[in-house]
Every structure is written in C-alpha cells, then in structure tokens.
*Asks:* 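Next up is a structure, given as structure tokens.
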Amino acid sequence: MSKVCGLALFAVLNSLFLFVPASAVPVPSDSSESFTDAVDLTWSATFQPRVGFGIDETDSGSRMERFGFGVRRARLRLNADFSDQFGTFFDVDLSSGSLSVATLYGYYKASGEWSFRAGYIPGAQPMAYSLTSHRELDLMERAAIAELWGRNTIGSNGRDFGVDATWVEGDVCASLFLHGGDGNFNRLRGNFRQSVSSHSATRGVDRTAAAISSNVLWRNAFVDGLELGGFASYNSSGNPNTVVQDVGRSYVSYEGHAYYGAKPGSQAVRLKLDLIGVQYEEVTGTTGQVIAAQNTLGVSILGAVRIIDGLELAARMENYSPDDGSGDVTFFGAGLVFSLSARRGLAFRRERFTLVYTSALPDGSRADLIELQGQWVF
C-alpha cells in the first residue's frame, strides 16, 4: 500500500509542477552564466570482455579445468571541472553485474605545480599497482607482486580515504598522502562519516591510527623514455588485510622501479623492473603466541619488443617471497598485444586485443591460464 501511495503522490506533484508559472521558478542572479558555462564535463569509458581456459594442479594428482567467458572491466569515468581550478572525478565499474565505486574525489589545482585531492583516492603507492592505468597494462593484468601488495595492505581496490598533495615540476613529480589505512567502504572500517544524531561520535570504534605514504617519480631521467621512481609508506591502522591470529599489524612498505618505455606500444623495445616490499611488525596473538615480524619481498622483470606497428610481444617473470614459511612463488607471463587503433595512427590503448599465457608456481602446485581479451577505450 505504501508503494502505491508513494507513486500516486509523485504523480500529483509532477502534475502540479507542470502548471507552475515560469516566474515562480528561481533563476541564477547572473542570467548570462549557465550551468554549462561554469562546468566543463568530460567522460570516458573502458570495456574489456575476455575468454579464458585455466588448469589447477597439485602434487597429489588432483586437477581442475575451467573454460568460460567474462567481463574484466566495464568502467565509466566522469570529470567535472569548475573554472579550471576546482573539480570532481568519479570512476565506477559495472563488471560485477552491479554498480561499484572505483574512485571518488574532489580536487583543487592551486597553481601550475601544486594540486590537492580529497576523497577515495589512488594515492601514493607502488607504481605497478593502481597508478598504472587499467587501460595501459602490460600483458593483461598488473604484476602479481603488485596485486599481492594491495591485497595484503590497503585492499585490492588500491584506493583509500584521505587527502593528498602533489607537486609537479617538469618531469619530476612528488606526492604525499595522508589516509585512514583501510580502503574499505564499511563504516566500521575505512569510511568514517558519523553523525551524533545516533548519540555516538565513533560508531563504537575505538581507533585513531592512520597512514602516511609518499612517492617520487622522474620521467625521462637521463634518456627519453626512462622513468625512475620510489615509494614509502607507514600504516598503523591494523586493518583486516594484515591480520594474523586475529590481530592486525602495523607495517612499513616500500617500492622502487625503473621503466624504459612505461606504456605498451610506446617504443620499439621496453624494459621494466619493479621491487616491492612490506615489513610487518611483530605482534602477540590472541592465544599469547608471539608472531615474528614478517618481511615480504617481490621482484618483477618485464621485456617487450615491437614486431610491427601495433603488434608487441611481451614477457614477464616474477618472484614473490611471503616470509611465512610457505616458500617462494614464481609467476610467469607471455603474450601478444595487437592494437587496431595503432595501425590507424591512433592511441595504442584505444582498440586492443591481448592473448596471454600466465602461470603461478607455488610449492606443490601450479596454475596455468590462457586468455584472450579485447579492449575498447572511448
């Protein structure tokens, strides 16, 4: 009944609005300025369909196979710029079958060198993770060591709630990110937006820990196409991604990278090196057992060559040491990246097809995957 009443009320109000005289509708005091004059709206989209075949095997002889189709990403990005100084940026994804948030922030361009952001941000972090656009990925996915960093630190989305400041001077860029340390939208975790109307200013959470991160990037260092950079972070939030024996841990993480040709198709020969580490503190578990400090370390090396215009052959080798007694893991990937748009003189990323074989070799098992993915960027 309440739904029917609501629809009826909406219909009545809508009908009344049609008869409201134009003079009763408020207008801006400066009639020469319109909404479109004040705001510059731009949008872009990415669509990545995929087909793949995977095999899991263990040393006990068990084997599983899977073939199927899917959508890796279906992203829509909207930027609203106010007077070339203030603005907002939204990035949402529909690949899960429902709308989910990828990025949400407002920004302020203070000068030619300084800019500031606040919201849900891909702030300072390893360059191989969210700072590398999903439209500019080598092979088909980000380096496995970068994905493991996100999964075991701020979260697999690679974003967190906070504020950051970025300074750019020529080919040098530096940023500082003050953030909560737990990039989760749950209001009991990362998304602190309480109101005292509930008679609580904390929502029952007793936590004041936070995180601070920074990175530095130097493009075209020494020679064109060479990029050098580093990252460092301290996170005391003890978020669930760091938990051992029901206890969250503080950690320090760091990264260094050297890229010669950062983007696919950008030059005839490309080389990339990434090193990512995390040092977790020693803690005492709920059972009283002391869990020693853990130092994870990952190294990734990628090489790519242009076969013809628009066609690139790439291979990547990675080693990840989790320092948890399970042994090191080796990751390998190789494939072909073909860009129809590059063949027509347009951006390499715009119309792209990627055929990749990847494997993971942890102790006692292996995973093999072959996939074909299309990419359209509008």
Side-chain angles (χ1 to χ4, degrees), residues 54 56 72 122-134 136-160 177 181 183 211 213-217 227-235 239 241-242 244 249 251-264 270-280 293-304 314-335 337 354 356-369 371:
D56 287 337
R72 179 63 180 90
Q125 59 182 271
M127 181 56 63
Y129 205 41
S130 294
L131 298 185
T132 296
S133 171
H134 65 271
E136 305 283 5
L137 296 181
D138 300 297
L139 298 175
M140 198 173 290
E141 298 286 0
R142 295 184 172 91
I145 63 168
E147 293 188 344
L148 288 165
W149 175 87
R151 203 174 299 162
N152 297 304
T153 55
I154 62 172
S156 58
N157 202 28
R159 275 78 168 169
D160 199 4
F177 186 30
S213 306
S214 65
N215 60 6
V216 177
L217 179 65
E227 176 182 304
L228 303 176
F231 153 81
S233 175
Y234 174 69
N235 189 335
N239 72 63
N241 303 313
T242 70
V244 289
R249 296 172 292 174
Y251 65 84
V252 172
S253 63
Y254 58 90
E255 172 261 10
H257 73 271
Y259 297 167
Y260 178 61
K263 297 180 179 181
R270 301 190 304 116
L271 298 170
K272 302 178 74 170
L273 171 66
D274 291 278
L275 184 148
I276 303 174
V278 183
Q279 298 179 348
Y280 297 94
Q294 180 186 4
N295 298 298
T296 72
L297 182 64
V299 179
S300 173
I301 300 174
L302 177 134
R316 180 165 57 205
M317 180 68 74
E318 304 179 67
N319 184 79
Y320 178 70
S321 176
D323 190 28
D324 60 0
S326 63
D328 290 5
V329 184
T330 299
F331 298 94
F332 173 76
V337 185
T354 306
V356 172
Y357 163 76
T358 54
S359 66
L361 301 171
D363 286 347
S365 64
R366 65 177 295 155
D368 297 282
L369 184 63
E371 295 177 289

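Only heavy atoms go into these numbers, but all of them, side chains included; no hydrogens, no water, no symmetry mates.
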*Asks:* Any side-chain to backbone donor/acceptor pair from Thr242 onto Arg249? Under 3.5 Å, distance only.
*Replies:* yes
*Asks:* Has Glu318 got a side-chain atom pairing as donor or acceptor with Ala144's backbone, closer than 3.5 angstrom?
*Replies:* yes
*Asks:* Restricting to non-hydrogen atoms, name the atom on Phe231 and the atom on Ala124 that form the minimum distance, rounded to 0.1 Å.
*Replies:* CE1-O, 3.3 Å
*Asks:* Between Arg270 and Gly261, is there a donor-acceptor pair closer than 3.5 Å when you use the side chain of the first and the backbone of the second?
*Replies:* yes
*Asks:* May I ask you to decide if Thr153's main-chain N or O and Asn239's side chain share a donor-acceptor pair within less than 3.5 Å?
*Replies:* yes
*Asks:* Do Asp160 side-chain atoms and Gly181 backbone N/O form a donor-acceptor pair below 3.5 Å?
*Replies:* yes
*Asks:* Taking the side chain from Asp324 and the backbone from Ser326, do they hold a donor-acceptor pair closer than 3.5 Å?
*Replies:* yes
*Asks:* Is it true that a side-chain atom of Glu147 and a backbone atom of Ile145 form a donor plus acceptor pair closer than 3.5 Å?
*Replies:* no
*Asks:* Can you classify the ring geometry of Trp149 versus Tyr129 as parallel (below 30°), tilted (30 to 60°) or perpendicular (above 60°)?
*Replies:* perpendicular
*Asks:* Heavy atoms only: give me the nearest Lys272-Asp138 pair and the separation to one decimal.
*Replies:* NZ-OD2, 2.6 Å
*Asks:* Working note: Tyr357 + Phe332, criterion side-chain contact (heavy atoms from CB on, under 4.5 Å); need CA distance, chi angles, decisive distance, verdict.
*Replies:* CA-CA 8 Å; Tyr357 163 76; Phe332 173 76; 4.1 Å; yes
*Asks:* So which heavy atom on Gln125 is nearest to which on Gly158, and how close?
*Replies:* NE2-O, 2.9 Å
*Asks:* Indicate the atoms forming the closest heavy-atom contact of Asn295 with Asp323, along with that distance.
*Replies:* N-OD2, 2.8 Å
*Asks:* Does some side-chain heavy atom of Leu275 sit less than 4.5 Å from a side-chain heavy atom of Tyr254?
*Replies:* yes
*Asks:* Under the 3.5 angstrom rule, does the side chain of Gln279 hit a backbone N or O of Ser253 as a donor-acceptor pair?
*Replies:* no
*Asks:* For Glu136 and Pro264, work out which heavy atoms get closest and say how close.
*Replies:* O-CD, 3.3 Å
*Asks:* Side-chain contact, heavy-atom cut-off 4.5 Å: Tyr259 with Asp274?
*Replies:* yes
*Asks:* Establish, from distance only, whether the side-chain atoms of Asn152 and Tyr280 form a donor-acceptor pair under 3.5 Å.
*Replies:* no
*Asks:* Is it true that a side-chain atom of Glu227 and a backbone atom of Ala262 form a donor plus acceptor pair closer than 3.5 Å?
*Replies:* no
*Asks:* Do any N or O atoms from the side chain of Ser213 and from the backbone of Phe177 form a donor-acceptor pair under 3.5 angstrom?
*Replies:* no
*Asks:* Would you mind checking if Arg366 and Asp56 are paired as a salt bridge, meaning a charged N to carboxylate O distance below 4.0 Å?
*Replies:* no
*Asks:* Which atoms form the tightest heavy-atom contact between Ser130 and Asn157, and what is the distance?
*Replies:* OG-O, 3.5 Å
